[in-house]
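A short worksheet on the structure shown next.
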Amino acid sequence: MKAYNETWVENLANKLSFIEWFKKGLISQAELEKCNEEVAEDFYDPNWFIKIGLFLFTGIAISFSSGIFLALLGVGSDNITMGVFLVIFSVLAVIVLEHFIKRNKLYRSGIDNALLYSAIGFLFTGILSFFNFDLIDYLYPLLFLVMLIPALIRYADPLVSFGAFVSFFFFIFLFSNTFSWGKTLLPFIMMTLSAAAYFISKSQKKIIYYADAQFVIETMALAVFYLSGNYFVVREANALLNNQSPSVEIPFSVIFWIFTFLVPFIYLYLGARKKQRNAIIMGLLGIGFSVFTYRSYYSVMPIEWALTVGGAILIGVSVFCIKYFKTPKFNLSSEAEELGKLQKLETILVAQAFQTKTSDDTFKFGGGDAGGAGADGKY
């Protein structure tokens, strides 16, 4: 089910946590080296510049090779034939991807990412070619979602999880618009499903292999939940769906105004209480978007003054909070803490602290002239 060595993925996450401990002075250099020995992994792990370069190079190589092959065969005008070759390219990309992961021990190195995304793109385009790119609107995201779910389960790629989440809600959006009642209830449908996605993800047992994917889904769920009830989004979307220009007042506007300003503060409260950085960030962004929403319909001051004053206030509050919480207060700190990744670290440190060094019994008495005390007549 999983393409990458799950134990190595967990060990890699633990190593990153060890480095954070070392930077904070919680463990020494010697302890860091001992801890790293306990969590060995052998992934190919280049720096970010090399990863980006490998990703771009692999993507360009795949694009040129597949494009030239299709051009030489002259299959561009025949959708069915082109679809068959695109599906074949997708299968070949998956085979090469699996081979590189096992032989070259790749893990999000850029090469495997490019191969994965290319395989998905080839398969999606190939299937659409069989239908002459003529499907009902809501079937496009549904098809993409069906393709992404197996890829997400096997590779746990964050971008794939993002695509699956967006595809699902885009499908819900388009499908709901096919019904008159769907347009009316769309904000509530989106809020309900995004809340369900968030709580289902939070209720699942944390598996390090899927930790990044879960984080993406939970963060996107928070964003969609807020935007689905935001007054500006609901009003303008309603005008767009009903061909109204300019937009007009929407039913239950008071509820959406309360939602617009209340939810960001709920995010901040829950994020601070549960130690969830993504909720805090979404809360801060939500406050900014709430101000933008109010400013879009009610003018308090010129836009230049509003941006200047608002920016100065946000910068001042940010600097104050960073400095104030640099030393933990009220169980809060501006320093990042990945507690979920430290489950095994204390056990490892304790085991090392109590580890007894065994020694061979090589000390032998004898050889001396005074009762075999080992002096051998000399000191």
Side-chain angles (χ1 to χ4, degrees), residues 1-4 52-104 106 108-179 182-183 186 193 213 216-217 220 240-241:
M1 294 293 292
K2 299 180 178 68
Y4 302 104
I52 295 173
L54 291 174
F55 178 84
L56 295 176
F57 175 79
T58 305
I60 293 172
I62 294 173
S63 299
F64 271 96
S65 58
S66 59
I68 292 175
F69 186 81
L70 291 175
L72 291 177
L73 293 178
V75 298
S77 59
D78 186 356
N79 287 338
I80 301 297
T81 305
M82 184 176 69
V84 171
F85 278 102
L86 288 175
V87 172
I88 293 175
F89 291 160
S90 176
V91 173
L92 292 176
V94 171
I95 293 174
V96 175
L97 170 62
E98 294 287 337
H99 175 74
F100 278 0
I101 289 175
K102 293 179 179 179
R103 181 176 179 179
N104 298 83
L106 303 182
R108 300 178 185 175
S109 63
I111 298 175
D112 49 337
N113 299 88
L115 286 169
L116 175 60
Y117 305 152
S118 298
I120 295 173
F122 283 142
L123 182 59
F124 182 68
T125 309
I127 294 176
L128 290 181
S129 298
F130 297 144
F131 298 95
N132 293 319
F133 299 90
D134 186 19
L135 294 175
I136 302 174
D137 290 344
Y138 59 79
L139 291 181
Y140 288 96
L142 180 61
L143 174 62
F144 200 49
L145 175 64
V146 172
M147 292 171 42
L148 290 177
I149 290 177
L152 176 60
I153 294 174
R154 181 158 181 81
Y155 301 100
D157 185 86
L159 187 57
V160 172
S161 66
F162 174 83
F165 187 93
V166 172
S167 299
F168 174 74
F169 278 91
F170 195 41
F171 162 72
I172 296 298
F173 176 82
L174 294 177
F175 183 74
S176 299
N177 286 329
T178 60
F179 306 96
K183 294 181 180 180
L186 184 59
L193 292 177
V216 171
I217 291 174
M220 290 297 297
L240 180 64
L241 294 175

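Along the sequence shown, residues carry numbers from 1. Just so it is clear, the structure is predicted and the values come from calculations on it, not from any experiment.
F130 CZ: more than 12 foreign heavy atoms inside a 6.0 Å radius. By the 6.0 Å contact criterion, CZ on F133 is enclosed, its count of non-hydrogen atoms from other residues, nucleotides or ligands being greater than 12. Counting non-hydrogen atoms of neighbouring residues, nucleotides and ligands closer than 6.0 angstrom, the NZ atom of K2 exceeds 12 such neighbours. The local environment of CZ in F170 is sparse, with at most 12 non-hydrogen atoms from other residues, nucleotides or ligands closer than 6.0 Å.
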Less than 3.5 Å apart, which donor and acceptor atoms pair up between the side chains of residues 153-166 and the rest of the protein, not counting sequence neighbours?
{"residue": "R154", "atom": "NE", "partner": "E98", "partner atom": "OE2", "Å": "2.8"}
{"residue": "R154", "atom": "NH2", "partner": "E98", "partner atom": "OE1", "Å": "2.9"}
{"residue": "R154", "atom": "NH2", "partner": "E98", "partner atom": "OE2", "Å": "3.4"}
{"residue": "Y155", "atom": "OH", "partner": "E98", "partner atom": "OE2", "Å": "2.5"}
{"residue": "D157", "atom": "OD1", "partner": "N113", "partner atom": "ND2", "Å": "3.2"}
{"residue": "D157", "atom": "OD1", "partner": "Y117", "partner atom": "OH", "Å": "3.1"}
{"residue": "D157", "atom": "OD2", "partner": "Y117", "partner atom": "OH", "Å": "2.7"}
{"residue": "D157", "atom": "OD2", "partner": "L159", "partner atom": "N", "Å": "2.9"}
{"residue": "D157", "atom": "OD2", "partner": "V160", "partner atom": "N", "Å": "3.1"}
{"residue": "S161", "atom": "OG", "partner": "P158", "partner atom": "O", "Å": "2.5"}

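Using a 4.5 Å heavy-atom cutoff, the side chains of L86 and L70 are in contact. In this structure, L135 and L128 have side chains that are in contact, with non-hydrogen atoms separated by less than 4.5 Å.
Shortest non-hydrogen contact noted between S63 and S66 is O-OG, 3.2 Å. Shown here for S129 and G83, the closest heavy-atom pair between the two residues is CB-CA, 3.7 Å. The minimum heavy-atom distance between N177 and K183, with the atom names listed, is O-CE, 3.4 Å. Shortest non-hydrogen contact noted between I120 and A151 is CD1-CB, 4.1 Å. Closest of all the heavy-atom pairs between A114 and G59 is CB-N, 4.0 Å. Closest heavy-atom contact between A119 and V94: CB-CG2, 3.7 Å.
Separation of atoms CD1 (I111) and CG (L54) is listed at 4.5 Å; rounding is to 0.5 Å. Going from atom CG of L148 over to atom CZ of F124 covers 9.0 Å, rounded to the nearest 0.5 Å. For the atom pair F168 CZ and L145 CG, the distance stands at 7.5 Å (nearest 0.5 Å). Taken to the nearest 0.5 Å, the OH atom of Y138 stands 13.5 Å off from the CG atom of L143. Residue D134 holds its CG atom at 10.5 Å from CZ of F131, rounded to the nearest 0.5 Å. Distance CG/L97 to CG/L92: 12.5 Å, rounded to 0.5 Å.
Looking at S176, its side chain never comes within 3.5 Å of a backbone N or O of G182 through a donor-acceptor pair. Of the possible polar contacts, one joining the S65 side chain to the A61 backbone as a donor-acceptor pair under 3.5 Å is found. With hydrogens and angles ignored, the 3.5 Å screen pairs no side-chain donor or acceptor of S109 with any backbone N or O of L106. Between the side chain of T58 and the main chain of F55, no donor-acceptor pair closer than 3.5 Å is present.
When ring centroids are compared, F89 and F69 come within the 6.0 Å threshold.
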Walk me through it: do I62 and F57 pass the test side chain to side chain contact (heavy atoms under 4.5 Å, CB included)?
CA-CA 9 Å; I62 294 173; F57 175 79; over 6 Å; no

Are V87 and F122 close enough, and set up right, to give a side chain to side chain contact (heavy atoms under 4.5 Å, CB included), and what steps lead you there?
CA-CA 6 Å; V87 172; F122 283 142; over 6 Å; no

Might you work through the side chain to side chain contact (heavy atoms under 4.5 Å, CB included) test for F100 and D112, ending with a clear yes or no?
CA-CA 7 Å; F100 278 0; D112 49 337; over 6 Å; no

List the steps and the verdict of side chain to side chain contact (heavy atoms under 4.5 Å, CB included) for L139 and L142.
CA-CA 5 Å; L139 291 181; L142 180 61; 4.0 Å; yes

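Every pair tested for salt bridge (charged side-chain N to carboxylate O under 4.0 Å, His left out) that includes a residue from residues 113-126 fails, sequence neighbours excluded, so the list is empty.
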